[in-house]
Structures are given as structure tokens and as C-alpha cells.
Amino acid sequence: MKNDVMKKTWLSSSRMALASALALTACLSFPASAWEPTADVEFIVPSAPGGGSDLNARTIADIARQENLISKNIMVVNKPGGSGAVSFSYMNKKKGDDNTLMVLHSGQDLGSYVLDWDVKGKDLSYIGIVAFDDMVLCAVAGSEYTDIKQLIEKSKTQRITYGGSQKGNGDHLSFLMMNKNTGSDFKYVMFNSAGEVTSAMLGGHVNIGIFNPSECIAQARAGKFVPLATFSDQRLTGEFANTPTFKELGYPQLILREARAIAGPPGMSAEAVAYYEQLLKKVTETPQWKTNYIEKNFLTPVFVDAKGTKEYFLRESEGAMERFVADGLIKKK
């Protein structure tokens, strides 16, 4: 009897120890305290609908929902204005809010320094870079502006307008670089988004426009736009395969590439940054992202984590600012 009692006691203790070990293992593998959004996620786009930033945000939101990568809804909200300053200011008001994200285009990050906004790119919580984007200069098909070399010469004696999305960003920089390095004298006209630039060109209100490939491909395919030249280091593919680079045309200084990234408000928790970082990584690994977004829109695939994204933006912004100063485009402070 005594042996039976001892045996039962030993078995009970062993089972309790095993259960505790399994519980500990489960906790280590799947932390009960792992962070998740506590409400629907507000996803801010610093421009009007119809541009590359808008497409980027909506693609991420759609894939995250379709693949059940997030337990809450992602609500895309467009907040154009001030070349992005409106959205940056809004993000600053959401300081510490772990349920708010924003598309961070490298051009807008640059604009925060060039235009000396109260809120700079470095104040935000960098989460990840999801793609690199090139830039294409386009004219309306059938217009007198479809020969790039003639266009540059005409700009010296005629008023030729150069449409771009916002001020102090990559679009604006491309215009300044054009005038500086080709001797042209284009007049910059600012819009809130690439969609507005497109409408202005088709309506005859602006002569040429600068776009990311995703922003002009539909018009190029429809035969309404003629891609004149790209700011890429090498020729693009597909419908842009016959479009020369400015480098080929004898302007090696005219190379400009932009990053598409995601950021959170200042003071976002480390747990939330890690969560969204992994969410973006999973999104960029899906077939939908690779085929229907990256390939379809002539983007360069990449995923850079939060730490690398911060390093990239700080380095690139500093380099672009030096270019602005060196070219006499802004005064050194």
C-alpha cells in the first residue's frame, strides 16, 4: 500500500512537472504578451488618391486583409496638402499611437528637411522599405513636346511647364536637376498627386510631367502619354524598354531613385514597430505583391527592416541635401 501511494505521488509530481515544462515552452514560443493592434489601423497617405503612394498603401492593406495577416481592419486615409506637411503634422499629433501608420515616400522625407517643416522624417518611427521606384518624364502623345532634345532647347525660349507632385520632394528635385544639368528653363507647376498631374496634362494645362512608372503606365499603354526619358541608371523593361535614360542622352548626373517605405508616429512602441515590420515582410513575400504590384508597376523588389530603413533615410536625406546645396538649389544653413 505504501509503495502504491508513493508511486501515485511520484506520477502526480512528474505530470505536474511535465505540464509546467510544456506551459513554459509554449510561453517561450508564443508569448502571451505579444503585441497586436488594439483598434482598426489608420493608414495615412500624404497625397491625394491616384498616385504611387496611394497605390502602395492600398495594396498593402488589401494583401494584409486577404491573407489574414492582421486581426484588425486597415483604413487608408488620404491627407494631401503642404507637399506632405499636413500628414507629417497629423502623425506628430498621433505621437505614441501604435494603431497609426503612414506611407513614407523618400521624396516627402526629403521635403521635410528642404522645406524645414516642424516635423522632420527623423522624428517618425521608421518601420520598413518595401520597394524602390524609378522616375519617368512624359509628354502627351501628339503634342509638340515628344522629342526630349528639342524639348530642352524649346524651354530656353518658350514657357514650357513641368508638372510634379508636391514641392521639395523627388519630383521637384528632378525638375531642379533638369534645369541645372541640361541648361533647360522649365517652369515647375505643383500638384497634390500624380493623378492631378495626369489630369492637367490631358487637359492641356501643363506640358510635361514627372512620374513613377506605376503612375504613368496606364496612359502609356493607352497611347496617351509618350515616355521621353528615365532618371534610372539603366533602361526599364516592358513598355519603357525603348525609353532612353538621361545617362544615355549625355546627362550622367540625372540619376534619381526613390524608396517606398512605411513609418509610424513619433514614439511608437518597439513592440508595435516589430509587429508592423514583420507584417510588411510577410506582405512582400506574397505572390500577389511580387506579381501584381512589383512586376506590374516596374518596381525594384526589396525589404529593409526598421533599423536599416532608418539608416537609409538618414543617409539619403543628408546626401540629397548636399546635392541641393552643391547645385545652388538651396542655401546652406
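For clarity, every value in this text was computed on a predicted model and none was experimentally measured.
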Can you check whether [Y]'s main-chain N or O pairs, donor with acceptor, with [X]'s side chain at less than 3.5 Å?
X	Y	answer
S232	R235	no
T309	V304	yes
E248	T245	yes
S89	V86	no
N212	D134	yes
S87	G84	no
S184	S155	no
N73	M75	no

Open item on the list: Using the rule side-chain hydrogen bond (donor to acceptor under 3.5 Å, both in side chains), only one of T284, T59, N56 pairs with Y293; which is it?
Closed with: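 In the set T284, T59, N56, the residue that makes a side-chain hydrogen bond (donor to acceptor under 3.5 Å, both in side chains) with Y293 is N56.
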
Tell me, yes or no, whether the heavy-atom count around [X] atom [atom1], taken from other residues, nucleotides or ligands under 6.0 Å, exceeds 12.
X	atom1	result
Q158	CD	yes
K167	NZ	no
R159	CZ	no
K156	NZ	yes

Taking the ring of [Y] and the ring of [X], is the distance between their centroids below 6.0 Å?
X	Y	answer
F175	F186	no
F225	F211	yes
W35	Y276	yes
Y145	Y162	no

Can you name the closest pair of heavy atoms from [X] and [Y] and give their distance?
X	Y	result
P265	G96	CB-N, 4.4 Å
W117	Q108	CZ3-O, 3.8 Å
S214	L55	CB-CD2, 4.1 Å
I210	G164	CG2-CA, 3.9 Å

Task: Trace of the side chain to side chain donor-acceptor pair (under 3.5 Å) decision for Q288 with E67 - done: CA-CA 10 Å; Q288 303 98 301; E67 298 295 318; 2.5 Å; yes

Evaluate the side-chain proximity of [Y] to [X]: yes if any heavy-atom separation is below 4.5 Å, no if none is.
X	Y	answer
D98	T38	no
L137	P227	no
M178	F246	yes
L151	D147	no
K122	L314	yes
V130	V283	no
N92	P266	yes
L101	I127	yes

Using a strict 4.0 Å threshold on nitrogen-to-oxygen distance, state whether [X] and [Y] make a salt bridge.
X	Y	value
E153	K149	no
D133	R257	no
E311	K307	yes
R221	E239	yes
D62	R58	no
K154	E144	yes
K120	D123	no

Hey, what do you get for [atom1] ([X]) to [atom2] ([Y]), rounding to the nearest 0.5 Å?
X	Y	atom1	atom2	answer
D109	S317	CG	OG	3.5 Å
I60	T286	CD1	OG1	10.0 Å
D40	I74	CG	CD1	9.5 Å
E258	L299	CD	CG	11.0 Å

- [ ] Test side chain to side chain contact (heavy atoms under 4.5 Å, CB included) on M102 and L124 and set out the steps.
- [x] CA-CA 10 Å; M102 184 181 79; L124 302 174; 3.7 Å; yes

Open item on the list: Please determine whether side chain to side chain donor-acceptor pair (under 3.5 Å) holds for the pair H172 and Q166, giving the CA-CA distance in whole Å, both sets of side-chain angles, and the decisive distance to 0.1 Å.
Closed with: CA-CA 7 Å; H172 194 191; Q166 306 180 357; over 6 Å; no

Open item on the list: So, using side chain to side chain contact (heavy atoms under 4.5 Å, CB included) as the criterion, who are the partners of P301 when residues are at least two apart?
Closed with: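 Counting only residues at least two positions away or on another chain, P301 forms a side chain to side chain contact (heavy atoms under 4.5 Å, CB included) with I294.
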
TODO: Take D54 and N78, measure what side chain to side chain donor-acceptor pair (under 3.5 Å) needs, and give me the verdict at the end.
DONE: CA-CA 8 Å; D54 186 62; N78 295 84; 3.0 Å; yes

Open item on the list: Once salt bridge (charged side-chain N to carboxylate O under 4.0 Å, His left out) is applied, do any residues pair with K290, and if so which ones, sequence neighbours excluded?
Closed with: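 Here no residue qualifies.
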
According to a 4.5 Å side-chain heavy-atom criterion applied to Ile, Leu, Val, Met, Phe, Trp and Tyr, with indirect links allowed, do [X] and [Y] form part of one hydrophobic cluster?
X	Y	answer
Y275	F303	yes
I148	M135	yes
L104	V114	yes
M190	L176	yes
M91	L115	yes

Open item on the list: salt bridge (Lys or Arg N to Asp or Glu O under 4.0 Å) for E277 and K281? Distances and angles first, verdict last.
Closed with: CA-CA 6 Å; E277 179 186 66; K281 188 173 188 298; over 6 Å; no

Open item on the list: Assess the residue pair E42 and N99 against the criterion (side chain to side chain contact (heavy atoms under 4.5 Å, CB included)); give the C-alpha distance rounded to whole Å, side-chain angles, the decisive distance to 0.1 Å, and a yes or no.
Closed with: CA-CA 6 Å; E42 189 177 25; N99 298 309; over 6 Å; no

- [ ] Kindly assign one of parallel, tilted or perpendicular to the pair Y312 and F132, based on the angle between their ring planes and the thresholds 30° and 60°.
- [x]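 It falls in the tilted class, 30° to 60°.
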
Task: Cation-aromatic face contact K310/Y126, 6.0 Å, 45 degrees - done: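 No, K310 does not lie over the aromatic ring of Y126.
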
Task: Check against side chain to side chain contact (heavy atoms under 4.5 Å, CB included), L202 and K224 - done: CA-CA 8 Å; L202 294 175; K224 296 181 179 180; 4.2 Å; yes

Open item on the list: Under the side-chain hydrogen bond (donor to acceptor under 3.5 Å, both in side chains) definition, can you give me all pairs with a residue in residues 188-211, not counting sequence neighbours?
Closed with: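 Those involving residues 188-211 are T161-N207.
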
